[in-house]
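Report on one structure; see the data block that follows.
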Amino acid sequence: MASLASAQASSRLEALSLTNTIVSLARNARTHCHNCGQLAEHVGMIGNLLEKIKSTDLIKLPATKEPLVGLEEAFEKALQLVESCRDKSCLYMLAMGWSVVYQFRQVQAEIDRHLSLLVLPMISLLHEFRLQNLKEGLQAIEEDQRMYTLEEEDMEAQNVVLKPDRTRKDAEILEKSLSPKYPNLTFSEALQEEKEKLNIELQRSRTINDDPDQCRVIEHLIDVAENVVSGVLPGKKVEKLLVNEPSYVVSGYITNAKSIYGDHGLRPENEGRFGWQADLFGCCSEPCLSLKTCVYPCGTFSWIANVVSKGKISREQATNNLIACSVFGGCCCYTCFVRRKLRQLFNIEGSSCDDFFTHLMCCCCAMVQERRELELRNFEGCRGTNMIVPPSVQCMNA
């Protein structure tokens with residue numbers, strides 16, 4: 001028993017030490033600074049809660065052993081994530097984009113889950129130890145749902161690094177993104193520093209991770225660092241690796257546009273646009289929403305219209321407009337108009353013709369996709385709703 005208590009005390013101290021380290025390192029993050037700050041604030045709240053109970057015997061309860069170990073492991077994952085934002089190549093972290101955002105959401109969910117399991121055995125003993133404020137502290141942490149997302153400037157820079165080729169304006173966007181991260185270096189020196197970090201990351205992927213897809217993406221980023229100013233890249237395939245990233249990756253490869261469209265300077269119509277994060281036929285992953293949409297489509301549509309218009313169209317007005325259009329057989333025209341506004345809002349690839357036929361053939365699936373898209377992107381008006389993400393990411397609900 002003595003050894004068990006000693007081990008738990010050691011884990012408790014380790015967990016506290018990790019919270020302090022995470023908070024400290026988050027201040028020096030060079031990428032995903034906002035997300036690191038959000039995670040650090042949340043972890044800091046948990047650190048304060050652990051401080052309150054460290055001097056009691058509550059932490060020595062046998063039922064707290066496993067949750068305490070789990071909490072420590074979750075803190076270690078958070079620490080590794082924050083360290084990546086501080087030390088890894090900025091181009092690499094930009095390319096990973098939403099995948100990193102999902103990691104932030106997932107790690108907070110994991111931390112909160114282990115914290116709940118840790119505190120649960122203590123609840124009945126709070127009065128005995130005169131720690132009535134512990135319950136309030138835990139409730140505050142549970143209600144502290146942080147918003148992890150990709151900043152607009154980062155999305156713009158991510159779009160540049162994933163493009164098959166770049167213009168002078170793209171180089172300026174990338175310089176604007178890298179300059180704050182390397183305040184004491186010129187743009188060329190910053191690119192050289194990035195190239196060195198990417199080579200280290202490439203070597204690690206080849207020897208440790210043995211991930212050919214990731215290696216091809218890193219090789220592409222090295223080409224970006226070498227040729228971003230000239231805008232000339234050798235045609236090189238990079239297989240799809242990142243989830244929910246721009247259409248250059250979603251299409252299956254990143255390559256020199258000249259190798260596809262010839263030397264006439266032609267570009268695809270949707271170049272520079274993003275793909276949908278929510279799948280059109282992914283409604284089975286959200287059965288309640290799908291059923292509700294089938295039974296009462298006006299409810300789902302009015303919510304989408306209200307959010308997309310940023311409140312300019314009330315839910316009642318959207319419902320009335322939809323009913324009025326239905327009388328004349330033009331409800332698809334109105335619903336596809338809202339879908340088009342949503343695409344324009346997030347610069348999603350597609351056309352008005354696509355929107356019309358999508359709503360004509362798969363109206364309920366389209367509305368479920370649109371609602372999930374707004375929630376996935378944490379768009380204003382979606383705060384507090386359940387987030388649906390690809391199963392391969394398995395991230396938390398926001």
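The figures that follow rest on heavy atoms only: side chains count, while hydrogens, waters and symmetry mates do not.
- For the pair A366 and T358, the tightest heavy-atom approach, listed with the atom from each and the gap, is CB-CG2, 3.8 Å.
- Looking at heavy atoms from C-beta onward, R146 lies out of side-chain contact with L39 at the 4.5 angstrom threshold.
- Figure legend: cation-pi geometry between R340 and F356 absent, as NZ or CZ is not positioned both under 6.0 Å from the six-membered ring centre and within 45° of its axis.
- Put simply, M45 and L16 are part of the same group of oily side chains (I, L, V, M, F, W, Y) that touch within less than 4.5 Å, one to the next.
- Across every non-hydrogen atom of R86 and L25, the tightest pair is NH1-CD2, 3.0 Å.
- Here the shortest heavy-atom pairing between I218 and S205 reads CD1-OG, 3.5 Å.
- Between F104 and H32, the ring-plane angle classifies as tilted under the 30° and 60° cut-offs.
- Counting only heavy atoms from C-beta outward, the side chains of V224 and V160 never approach each other to under 4.5 Å.
- Rounding to the nearest 0.5 Å places OG of S309 at 11.5 Å from CD1 of I304.
- Here the shortest heavy-atom pairing between T149 and R105 reads CA-NH2, 4.4 Å.
- Heavy-atom minimum distance, A225 versus K195: CB-CB, 4.3 Å.
- S17 and N20 form no side-chain donor-acceptor contact under 3.5 Å, judged by distance and modelled atom types alone.
- Environment of NZ in K88: crowded, with over 12 heavy atoms of neighbouring residues, nucleotides or ligands closer than 6.0 Å.
- Two residues are said to be in side-chain contact when any heavy atoms from C-beta on lie closer than 4.5 Å; F337 and C325 fail this criterion.
- Contacts of C288 classified as side chain to side chain contact (heavy atoms under 4.5 Å, CB included), with partners at least two apart in sequence or in another chain: none.
- For K176, the side chain to side chain contact (heavy atoms under 4.5 Å, CB included) partners at least two apart in sequence or on another chain are E153.
- Residues Q158 and M96 share a closest heavy-atom pair of NE2-C, 4.4 Å.
- Using a 4.5 Å heavy-atom cutoff, the side chains of T31 and Y92 are not in contact.
- The shortest distance between side-chain heavy atoms of N159 and I173 does not fall below 4.5 Å.
- For the residue pair D170/T167, the side-chain donor-acceptor check at 3.5 Å is satisfied.
- Between K169 and E172 there is no salt bridge, since no side-chain N of the basic residue sits under 4.0 Å from a carboxylate O of the acidic one.
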Salt bridge (Lys or Arg N to Asp or Glu O under 4.0 Å) between E201 and R204, worked out:
CA-CA 5 Å; E201 194 67 38; R204 182 185 295 115; 2.8 Å; yes
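- In this structure, the separation between OG1 on T293 and CD on E370 is 10.0 Å, given to the nearest 0.5 Å.
- Distance check: K197 NZ to M93 CE gives 11.0 Å after rounding to the nearest 0.5 Å.
- Residues H42 and D112 bring a donor and an acceptor atom of their side chains to less than 3.5 Å of each other.
- Under 4.0 Å is where a charged nitrogen must lie from a carboxylate oxygen, and between R339 and E373 no such pair does.
- With sequence neighbours excluded, the residues satisfying side chain to side chain contact (heavy atoms under 4.5 Å, CB included) with R315 are S302, W303, N306.
- Going from atom CD of Q103 over to atom CG of L81 covers 5.5 Å, rounded to the nearest 0.5 Å.
- Atom CD1 of I141 is separated from atom CG of L49 by 4.5 Å, given to the nearest 0.5 angstrom.
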